[in-house]
Structures are given as structure tokens and as C-alpha cells.
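These numbers were taken from a predicted model, which means no experiment stands behind them. Below, read A as the first sequence line, B as the second, and so on, with proteins coming before strands; counting in each chain starts at 1.
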Number of protein chains: 2
Amino acid sequence: MVRRRGDTRRDILSAAEHLFQVKGFNGFSYQHIAQELGVRNAAVHYHFPSKGDLGLAMISRFREDFGWWRVQQEARSTTGSQRLEAFFGLDRRYSEQRKVCPLGVVGVEFAGMPPEMCREAHALVDDVLSYIEDALALGREDGTLSFDGELPAVALHVLAATQGGLQLGRLQGPRGFDTVLDGLRSVLRMAGPADGARVAG
Amino acid sequence: MVRRRGDTRRDILSAAEHLFQVKGFNGFSYQHIAQELGVRNAAVHYHFPSKGDLGLAMISRFREDFGWWRVQQEARSTTGSQRLEAFFGLDRRYSEQRKVCPLGVVGVEFAGMPPEMCREAHALVDDVLSYIEDALALGREDGTLSFDGELPAVALHVLAATQGGLQLGRLQGPRGFDTVLDGLRSVLRMAGPADGARVAG
DNA sequence: GTCTATAACGTGATAGAC
DNA sequence: GTCTATCACGTTATAGAC
């Protein structure tokens, strides 16, 4: 595998993100990253002097990527239901790869994590909740969603359930996560992902 | 601190469980446990030769404790709503201590964990889901709960939401978890913990 | 049942050559 | 920007005395 100059930093982040979502923050080391990329331990330290730097950069990139993803989705999805289903699709890909949400990793390993990482993760939570809230508000307006409760509370409920679902799915098999998604669709009076083909509940 | 003979094994498990729920499985070491108990590293290895043994014993004790708790609750709680609220109370104590559910820890660090630990955690998931399902079934019968969907799916939804809520609560403050609980009460048409004083939604 | 001592290894991290 | 070489430390784990 030939590696172009300037890609190293990006590749390190990609490898780290993968390991992060599969094994947790304390579950991987610089050596794992270096081995996977075919570079030396010290090369990783060059780009990210401390593991805290690496972790912070990771969460920042998650935020950037989510920001871009959001812009695209809000341009292409016209209904609240579609926007929420798009978010479910994000997590569903994680589920297929047997990954968990990065927010879940921070949530569990919170106490031993660099403070800057936690602050950035908090900001990511706000970003995601903002997207979900907007989708819920739109869906309530356009009639594709129907639910009781205040928007921030319902958005938090959705995020909590998907996160927990991803983790339980690892123990129960991928069907576990799909079941949680169906439960959420039922609560939000939402058609299935195949555009009305399925009625949950 | 005087230590009676025979308590060491139990004390090790207690200390390990605390660290497990606060810092994750990869977030603590034998030294942390030994320091907290005022014994030597090797004393811990005497009781639990490998960290996998310790982890397995931990999850097994969680299962035992939950089994006892369940028997007590099912004897003292007469309605489905009360039984579910009792389960919420368990997690609420975790939230106050800024702990997460042990199942969440296994869910996140799954890939790097001893296989026996994962199997035992899977069994614990089944135990907890069984309790929730029974509570839901009773509540539907006695009229204290009302919801759509099949019992196993709803039970999974409840467990996923509480787990995710505990983790998000660490980033958002303890109020975050309470909000998730209120959302669940709303979905299940359930009165608040103070016996009808609060109406969620 | 607990200790001392120590092994064997992995970890995050640094210095300095190229 | 990446390398070799290495450090100091923490980790799990073992052997053998008490």
C-alpha cells in the first residue's frame, strides 16, 4: 500500500476512530494504530503528541463530519420523518459494523478521559440533539411524526435509546438494535425505513 | 481500618465493581484495587488469578444481586408501574453516583473483553429484560401501564433508553437522565415516582 | 491468606538522526 | 515527515517465603 504525503494525519484519525468505536478509548494504543498503518509508533506521536490530543482531534472530526452530513441531509430530506430516518441510518451502519456511538464511549469511560475531550463530546451531544430536535419539530409540523412531550426531552430520549440500542445489539445480535429502532418509530408514529411498508407496534 | 478474615474477596469485588462502573473495564488495574483496600497487588491475584476471572466474577455477582433484588421487589411491589419504577430507582442511584450500568460498560468495551464475561453479560441482559417484561405485562393487566407494541420489544426499548440516559447524563448532568426517565413514563402512560403527583409529557 | 520480590510485557512519550 | 532507539512507568501475572 503506497501512501501519499499529507494523508498520514487523516489516516491516523481514521484508524483511531475505528478502534475507538470498536474497543473503546482505553482499548487501543499508539502501537495498534502504527501497525495498522504500517508506520512507526513515533510517527503517530509526531502528529498527535499525547493521546489526549488524538482523542480531542477525533471528537472534533466527528463533529465536523456530522456538521457536513447534517447540511447534506437537510438539503435532500424534505420531511421530518425522512430526516430522523437518515439519523437512524447513521447508527444502523454503526450497528452493522458492530461499532457503538462515539458518545457512548465517552459516556462510559468519562471519568478517566482528558477534560478537553469531554467538553468536545458535550458539544457533539448538543450538535446531535439539535439535529434531532429540528427533525422532530419539522415532522410534527408536516404531519410525518406525532408524539407527546417537549422537543428537547423527546430528542434526548431518541438519542439515549439509539445509543443504548447499539450497545445492547453487541450482546444480543444486530436484530436487537433494529428492534429498538422499530420501538422508536412506533413511539413517534413513524412509518418504516422503506417508506410506509412497515407499521411498527 | 481493621479487616476481618474472609471479607477480602468480597471487598475486592466491591471495589472492582465501583471502578468498573466509573472508569470502565480497561480503566482500572489490580493496583487501583489493592491501593483502595490497603492490600498488595498479589493479594488480588490470589483471589482472582487473571483479570478475566475478576471480570467474570463481577458480572456473576451483578446477576446474583439482581436476582435477590428481583425477588424482594416482586414481593413488595404489587403493580406493574411500581415494579418498573423500582427498576428506574436502581438506575437513578447509579446516576446520582455518576456511574453507568455494567451492561453499558460491556457493550462499549465488548471487543476487547474475555468471552466468558460477554456470555455472562448476555445472561444478565436476559435477566433484566425478563424482569422488565414481567413488570410491563403486569402493568398492562392491572391498568397502571398502557403502551403499544410487543412486550420484548418494549422491554428492550426501556433498557436501551435507561442505559443511554445514564451515559448521556454524565455529559449533560444528572438532570439529563431524569429527563429520559420522564420520557419513558410518558410513553408508558405511567405516573411519576411520587405516585401520581407528576404527569409527564 | 497474605506477603516480598520480580518477571515479562505493553504503554505513552521523548531525543535526535535522516 | 518519518525514522531508530530508547526511556520511565504501569500493567498483568508468577514464584516462593511466611
Exercise for the section: Considering only NZ, NE, NH1 and NH2 on the basic side and carboxylate oxygens on the acidic side, decide whether B:Arg70 and B:Asp127 come within less than 4.0 Å. Expected result: no
Exercise for the section: Kindly determine whether A:Thr179 and A:Asp182 satisfy side chain to side chain donor-acceptor pair (under 3.5 Å), including the steps that lead there. Expected result: CA-CA 5 Å; A:Thr179 301; A:Asp182 280 343; 5.8 Å; no
Handout entry: Trace of the side chain to side chain donor-acceptor pair (under 3.5 Å) decision for B:Asp11 with B:Ser14
Key = CA-CA 5 Å; B:Asp11 291 347; B:Ser14 297; 5.2 Å; no
Exercise for the section: Please work out which of the three classes, parallel, tilted or perpendicular, describes the rings of B:Tyr131 and B:Phe66, given edges at 30° and 60°. Expected result: perpendicular
Problem - Audit row: A:Gln31, A:Val44, side chain to side chain contact (heavy atoms under 4.5 Å, CB included) steps and yes/no - result: CA-CA 9 Å; A:Gln31 298 213 17; A:Val44 185; over 6 Å; no
Problem - Per-nucleotide protein contact string for nucleotides 4-18 of chain C (B base, S sugar-phosphate only, - none; heavy atom under 4.0 Å) - result: B------BSBB----
Exercise for the section: Verify side chain to side chain contact (heavy atoms under 4.5 Å, CB included) between A:Phe48 and A:Arg9, making sure each step is shown before the conclusion. Expected result: CA-CA 9 Å; A:Phe48 304 97; A:Arg9 188 190 151 93; 3.5 Å; yes
Handout entry: Axis deviation across the helix from C:dG1-D:dC18 to C:dC18-D:dG1, five-pair ends, to the nearest 10°
Key =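 It works out to 10° between the end axes.
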Handout entry: A:Lys51 charged N/C atom sitting above A:Phe28 aromatic ring, 6.0 Å / 45°
Key = yes
